[in-house]
Amino acid sequence: AGLAPRLHISLPPQHGKTWAVRMILALILTQHPDIEAAWVTCSAEFSASSGKIIRDWLTEHQPQLFPDKKPKLTEKEWKTDAGGGMFCAGIGGRLTGQTVKLAVCDDLLKDYEEYLSEARKRKVQDWVSTVLGTRLNNESSVLSIGTRWGVGDAIDMLIKTIPGNWEVIAIPALAEESEICKNGRPDF
């Protein structure tokens with residue numbers, strides 16, 4: 001359909017999803033330093049911490065991306081010398097003036113309590129459709145990671161709001177009976 005990839009990876013809390021995607025994004029920027037990425041999460045502080053970790057890793061391990069040894073701007077907004085970089089925002093924050101080639105959505109709802117709040121889910125839905133969605137086009141990729149809390153959670157909202165052929169990968173904390181082979185190990 002001419003749409004860039006849309007991928008959601010679902011894992012339970014404390015399974016390393018944010019860390020893994022931070023490293024994946026760092027490696028993508030190593031190979032494609034012109035990509036303009038947005039890291040979006042439930043809060044501006046959490047989003048900025050990811051921006052800082054990725055920027056600091058790239059500064060240390062890929063200094064050629066920043067020949068002057070100092071990334072431009074702040075931990076929540078920085079650029080490589082090739083024109084790519086990262087902008088970090090929390091739900092309710094701004095993306096005004098940002099081009100987004102790759103959107104990383106990391107736990108748009110912070111916990112089960114937010115999932116139970118209809119007002120919070122409505123705020124996330126409205127922000128995704130009126131802010132994030134307006135920065136994406138057919139060439140923008142979306143990578144979403146998070147914990148599934150139930151029907152109508154942030155992942156369902158993203159899939160309904162952001163058009164495209166979504167691939168959804170769910171990795172449960174415990175294997176189901178059908179996923180265990182005869183020797184007791186997961187059957188991958």
Side-chain angles (χ1 to χ4, degrees), residues 1-25 28-29 35-54 76-77 85-174 176:
L3 297 175
R6 312 288 197 233
L7 172 65
H8 172 74
I9 303 170
S10 179
L11 288 127
Q14 299 299 305
H15 277 68
K17 28 184 203 302
T18 297
W19 179 86
V21 174
R22 285 173 180 157
M23 292 304 97
I24 289 168
L25 184 53
I28 288 171
L29 287 167
I35 287 182
E36 296 167 299
W39 189 284
V40 177
T41 190
C42 58
S43 75
E45 295 80 20
F46 185 49
S47 182
S49 72
S50 290
K52 179 182 184 332
I53 288 167
I54 294 167
K76 91 171 219 180
E77 182 179 2
M86 186 179 215
F87 189 86
C88 303
I91 295 297
R94 72 168 190 86
L95 287 176
T96 306
Q98 301 303 312
T99 300
V100 178
K101 182 71 174 164
L102 171 61
V104 177
C105 301
D106 178 13
D107 280 326
L108 298 181
L109 292 172
K110 73 177 178 179
D111 55 24
Y112 188 68
E113 184 177 336
E114 282 199 354
Y115 164 69
L116 293 176
S117 167
E118 290 302 319
R120 181 61 180 174
K121 288 192 295 188
R122 191 170 34 262
K123 181 177 182 171
V124 171
Q125 175 82 42
D126 290 347
W127 189 88
V128 166
S129 63
T130 62
V131 178
L132 178 62
T134 63
R135 300 293 161 207
L136 302 174
N137 59 47
N138 289 349
E139 296 176 5
S140 301
S141 297
V142 181
L143 172 57
S144 169
I145 55 170
T147 298
R148 293 303 314 247
W149 296 111
V151 175
D153 63 8
I155 293 121
D156 282 346
M157 287 182 239
L158 271 174
I159 291 170
K160 278 193 229 173
T161 306
I162 306 296
N165 297 322
W166 281 86
E167 172 96 19
V168 177
I169 299 170
I171 303 172
L174 300 173
E176 299 292 327

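- Considering only heavy atoms from C-beta on, W19 stays 4.5 Å or farther from I53 through its side chain.
- In this structure, the separation between CG on L25 and CD1 on I35 is 8.5 Å, given to the nearest 0.5 Å.
- Here the shortest heavy-atom pairing between G152 and K121 reads O-CD, 3.5 Å.
- Within the structure, salt bridge (Lys or Arg N to Asp or Glu O under 4.0 Å) contacts touching residues 102-117 (residues at least two apart or in different chains) are E114-R120.
- In this structure a side-chain-to-backbone donor-acceptor pair under 3.5 Å is missing from K76 to E45.
- Taking CG of L102 as the reference point, atom CD of E139 lies at 13.5 Å (rounded to 0.5 Å).
- At distances below 3.5 Å, not a single donor-acceptor pair connects side-chain atoms of H8 with backbone N or O atoms of V168.
- Rounded to the nearest 0.5 Å, atoms CG (L143) and CD1 (I28) are 7.5 Å apart.
- Considering CD1 of I162 and SG of C105, their distance stands at 7.0 Å, rounded to 0.5 Å.
- The closest side-chain heavy-atom distance from L95 to L132 is below 4.5 Å.
- Nearest heavy atom pair, residue V100 against residue L136, reads CG1-CD2, 3.7 Å.
- Listed for the R6 side chain is a donor-acceptor partner under 3.5 Å among the backbone atoms of P163.
- The salt bridge (Lys or Arg N to Asp or Glu O under 4.0 Å) contacts involving residues 140-154 comprise R148-D153, R148-D156, where partners must be two or more places apart or lie in separate chains.
- At least one side-chain heavy atom of M86 sits less than 4.5 Å from a side-chain heavy atom of I54.
- Here the CD1 atom belonging to I145 is positioned 10.0 Å from the CG atom belonging to L7, to the nearest 0.5 angstrom.
- Of all the heavy atoms in L109 and Y115, the pair that sits closest is CD1-CA, 3.9 Å.
- Minimum interatomic distance between G51 and C88 (heavy atoms only, all atoms of both residues): CA-SG, 3.6 Å.
- Closest approach of L108 and T41 over heavy atoms only: CD2-CA, 4.0 Å.
- Not counting sequence neighbours, the partners of T161 by the side chain to side chain donor-acceptor pair (under 3.5 Å) test are Q125.
- Side-chain atoms of S47 come within 3.5 Å of backbone N or O of W39 as a donor-acceptor pair.
- Rounding to the nearest 0.5 Å gives a distance of 12.5 Å between CD1 of I155 and NZ of K160.
- Taking the side chain as every heavy atom from C-beta outward, L11 and K17 approach each other to under 4.5 Å.
- For the residue pair V131 and G93, the shortest heavy atom distance occurs at CG1-O, 4.0 Å.
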